[in-house]
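Here is the structure we will look at.
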2 protein chains.
Amino acid sequence: MGALKFVIVPRKVSAINQVSAINLGRVSNDVKRPSGRHHGDLRRVLEEAALELVAEGGPKACTLAEVSRRAGVSVAAPYKHFADRDSLLAALVQKGYAEQRDRYVAAMKRKVEPAEQLAAFARAYVEFAAEQRPMFELTFAAGLDKTKYPELLNAGAELFEVLREPARNLRNTEAGSRDLVLAVAAAAHGLAVFVLEGVLLNVSQAKDLAASSARAIV
Amino acid sequence: MGALKFVIVPRKVSAINQVSAINLGRVSNDVKRPSGRHHGDLRRVLEEAALELVAEGGPKACTLAEVSRRAGVSVAAPYKHFADRDSLLAALVQKGYAEQRDRYVAAMKRKVEPAEQLAAFARAYVEFAAEQRPMFELTFAAGLDKTKYPELLNAGAELFEVLREPARNLRNTEAGSRDLVLAVAAAAHGLAVFVLEGVLLNVSQAKDLAASSARAIV
DNA sequence: GTCTATAGCTGGATAGAC
DNA sequence: GTCTATCCAGCTATAGAC
């Protein structure tokens, strides 16, 4: 009829936390610490290894076991830093959101006209996908259940809000500005996907297209 | 720490299936062939089961083992019909492409002006994603290496060509019409993704947005 | 904080009988 | 064409030592 199975349902979510804001600044000194020394930095090392794996074989190739191997630690070690595999991915995605936000804010700051700000965002979006491919894949194609990680939903919403300001200057109604943001972001997203899928081979061309689509939609 | 939860894990097979008779042309006579009878229709039954699984848990939940269980056959049976798991998925994706083509051609046929044809396509694209979600997910988020399945590349290119005609009527150059197709398709794709991700909740609204984006880009 | 060791499971794929 | 039986590989997660 059936079998009884015991399942641990993690209750505390907090383990995911703390991803805060350290994007670049790789510690590129060699990772090879053959055995058990705690470098204290393992969390970051794990994140980097995970990103590498995504880069090489997509999200599904990013297993905790392989991440551990790459990091040169045992398969048990990651569990001191992440509740489980998905939590590791979620942490990465959150970092990705933070970096995206920074990029978009910076890109828009260089323009004054709202329409040009949105065009700059569209450019930056495609650029992010191209330059940070694994991050992008992780964010949109890792099959991660984002509803389980409220921080991610928040980060996504925050991203949306960044675009809301220029949009409000271009539309009278709330619904109008919301639709504008959605349409521009969707166009940029679609082109980004095309670039990653190989449909569009030339990145700068894709960026141009994104910008002109954004202007057209405005 | 966590909570213990008891879960009934159905071990025996067949109780699960029963779900057939879904799409078109179903053989709705009872699927209950408890043992070894070759209905000859297994290939289709497997495809349907696979699609169901994608619908329930995304591409990664679609394993050959589970597909076999659903279909009420042994895990070895599928190998007479598909070389391996990816081949099954690829077959589904190809069916999906064919259906998409039909839909887009039909949608565009109802319009005469090229711009309206592209808008109709954009609508139909979002509609397809919403109505045939598992197909759409399979096509764009199954992590399938399409370069291993030339039929898929062809089918994708064919889809592209369908849009090329109206685009040529709107742009003078080859590059121009190609970019137009890409931009319109990208906008539609982005909105479709937003719908599936839950960012955009209202499908008909998404379709409207897709159509107006398409018109704007034109 | 990290290791070793291991339990437990699931899936892919094959061989050989019918 | 399908089954049974089986093998193997790989991953997740935990326990307990240091």
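Residue numbers start from 1 in every chain, and the chains themselves are labelled A, B, ... in the order their sequence lines are given, proteins ahead of strands. Note that the coordinates shown come from a computational prediction; the quantities given were computed from them, not determined experimentally.
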When you compare the side chain of B/Gln100 with that of B/Tyr125, does any pair of heavy atoms fall below 4.5 Å?
yes
Do A/Asp145 and A/Lys148 touch side chain to side chain, with heavy atoms closer than 4.5 Å?
yes
Do B/Phe82 and B/Arg43 have side chains that get closer than 4.5 Å, going by heavy atoms?
-> yes
Axis-to-axis angle for the helix from C/dG1-D/dC18 to C/dC18-D/dG1, ends of five pairs each, to 10°, equals 10°
When rounded to whole Å, the CZ to P distance for the pair B/Phe82 and D/dT2 reads 11 Å
Which of D/dT2, D/dT4, C/dC3 is nearest the side chain of B/Lys80? It is D/dT2
Does a side-chain heavy-atom distance below 4.5 Å link A/Lys60 with B/Lys60? no
side-chain contact (heavy atoms from CB on, under 4.5 Å) filter on B/Asp86, not counting sequence neighbours, yields B/Asp84, B/Leu89, B/Tyr149
What N/O pairs connect the protein and nucleotides 11-15 of chain C at under 3.5 Å? Give each pair on its own line.
from   : atom 1 : to      : atom 2 : distance (Å)
C/dG11 : OP2    : B/Arg69 : NH2    : 3.0
C/dG12 : OP2    : B/Leu64 : N      : 3.0
C/dG12 : OP2    : B/Ala65 : N      : 3.2
C/dA13 : OP2    : B/Tyr79 : OH     : 3.1

Side-chain contact check for A/Ser74: nearest option of D/dC3, C/dT2, C/dT4 is C/dT4
Please evaluate residues B/Glu131 and B/Arg103 with respect to the criterion salt bridge (charged side-chain N to carboxylate O under 4.0 Å, His left out), reporting the C-alpha separation (whole Å), side-chain torsions for both, the decisive distance (0.1 Å), and the verdict. CA-CA 12 Å; B/Glu131 289 180 5; B/Arg103 281 171 175 246; 3.0 Å; yes
Between CZ of B/Arg44 and P of D/dG1 the distance, given in whole Å, is 15 Å
Exercise. Does the gap between the ring centers of A/Phe194 and A/His189 come in under 6.0 Å?
Worked result: no
| task | Taking the side chain as every heavy atom from C-beta outward, state whether B/Leu191 and B/Leu200 have any pair of such atoms under 4.5 Å apart. | result | yes
